[in-house]
2 protein chains.
Amino acid sequence: MKRRTTSSTTEILDLLKASGNAMSHDMIQSSLDSKVDRATIYRVLNRFCEDGKVHRVVGDDGKQYFAICSNCGAKKQVHSHNHIHFRCLQCGTVECLDRELSIPLPEGYVAKVHNLVISGFCNECS
Amino acid sequence: MKRRTTSSTTEILDLLKASGNAMSHDMIQSSLDSKVDRATIYRVLNRFCEDGKVHRVVGDDGKQYFAICSNCGAKKQVHSHNHIHFRCLQCGTVECLDRELSIPLPEGYVAKVHNLVISGFCNECS
DNA sequence: AATTTTACTGCGACACAGTTGCAATATTAC
DNA sequence: GTAATATTGCAACTGTGTCGCAGTAAAATT
């Protein structure tokens with residue numbers, strides 16, 4: 001399945017690049033200039049994840065957030081981004097912290113996805 | 001609002017104690033002997049969380065898991081349990097890892113909730 | 001440049017998790 | 001035993017994310 005570039009894909013990718021933070025579907029939808037269907041946004045984002053262009057974090061609010069991390073751009077093929085995200089309970093911003101931490105697992109355990117989110121108040125809101 | 005002990009509350013608490021792992025709502029419902037309404041289970045669990053009897057983890061599947069951690073029983077009042085959970089993608093088990101890690105946050109940031117979940121395959125399933 | 005191929009989109013419907021209002025019930029206090 | 005009120009069950013509802021399908025548009029082919 002070859003990928004095609006459409007106005008939706010470029011707009012969404014540009015938006016994520018410009019933002020720098022992790023964005024939820026509804027953040028993306030309301031930030032887009034043109035009207036793009038909900039389902040399309042989800043499909044675009046899922047494709048980006050498959051292609052390693054973007055990674056997904058699930059917040060403690062149960063919602064998915066999508067981000068292009070500047071510092072993990074180099075190693076795109078690594079599915080398991082083991083850095084931490086911070087979600088502000090006040091302003092809703094979800095940012096990547098540049099903390100790379102290696103967590104030793106018990107014998108016989110294999111890690112596939114790291115979902116590490118700390119929620120609280122960012123420096124703007126605390 | 002004083003709390004009352006009912007058959008639902010004791011059954012659910014006993015179940016979580018016996019299990020030792022973090023359980024989702026549907027795991028709990030199917031494990032209960034008596035039929036308890038979905039909404040009731042959620043309400044009971046939310047009350048337990050408020051009272052600090054139980055803590056909540058949100059998996060990268062977006063679902064809530066509830067657990068009584070043996071090792072964090074001592075410091076009940078601490079809302080922010082900063083230990084890590086492991087969710088097996090095969091068998092669905094969600095367990096507490098005994099790793100306590102302190103994550104330094106940037107200046108001005110205040111942590112309220114730690115939601116640290118690693119998904120993969122446990123030693124039984126890998 | 002026109003045509004074909006097929007990836008992508010929009011719409012609607014759906015599945016699921018979790019919450020809430022309300023009347024009925026059961027627990028606790030008196 | 002009776003009164004006060006926390007809890008329950010039911011139904012309805014919200015919100016997130018997915019899927020099938022027909023129509024559209026990007027890319028390849030001619």
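Every chain is numbered from 1 and lettered A, B, ... according to where its sequence line falls, protein lines coming before strand lines.
Aromatic pair A:Y109/B:F86: centroids less than 6.0 angstrom apart.
Taking 4.5 Å as the limit, every side-chain heavy atom of B:K63 sits out of range of all side-chain heavy atoms of B:V58. Residues A:I118 and B:N115 are not in side-chain contact: their nearest non-hydrogen atoms beyond the backbone lie 4.5 Å or more apart.
Distances were taken from every side-chain heavy atom of A:R4 (C-beta onward) to each of C:dA7, D:dT16, D:dC21; the shortest belongs to C:dA7. Closest contact between the side chain of A:V44 and the listed nucleotides C:dT9, D:dC10, D:dT18 involves C:dT9. Nearest to the side chain of B:H25, among D:dT8, C:dG18, C:dT19, sits C:dG18. With D:dG17, C:dG10, D:dT8 as the choices, the nucleotide that has an atom nearest any side-chain atom of A:D37 turns out to be C:dG10. Taking only side-chain atoms of A:T40, from C-beta outward, the nucleotide of C:dG10, D:dC10, D:dT18 with the closest atom is C:dG10.
Regarding contacts with the backbone of C:dG18, a side-chain N or O of B:Y42 is found under 4.0 angstrom from either OP1 or OP2. Neither OP1 nor OP2 of D:dA25 sits under 4.0 Å from any side-chain N or O of A:T6. For C:dC8, one of the phosphate oxygens OP1 or OP2 lies less than 4.0 angstrom from a side-chain nitrogen or oxygen of A:R47. At least one side-chain nitrogen or oxygen of A:K63 sits closer than 4.0 Å to the OP1 or OP2 atom of D:dT16. Put simply, B:T5 has a side-chain N or O that comes within less than 4.0 Å of OP1 or OP2 on C:dT28.
Side-chain atoms of B:R56 and base atoms of C:dG18 include no donor and acceptor less than 3.5 Å apart. Residue A:R43 places no side-chain atom within donor-acceptor reach of the base of D:dG17, judged by atom type and a 3.5 Å distance cut-off alone.
One finds no salt bridge joining A:E50 and A:R56 here, because no Lys/Arg side-chain nitrogen approaches an Asp/Glu carboxylate oxygen to under 4.0 Å.
For B:K2 and B:R38, each mapped to the nucleotide of DNA chain D holding its nearest heavy atom, the one lying further toward the 5' end belongs to B:K2.
Under a 3.5 Å cut-off, the side chain of B:E11 and the backbone N or O of B:L32 do not form any donor-acceptor pair.
Rounded to whole Å, atom C1' of D:dG17 lies 9 Å from atom CG of A:N46.
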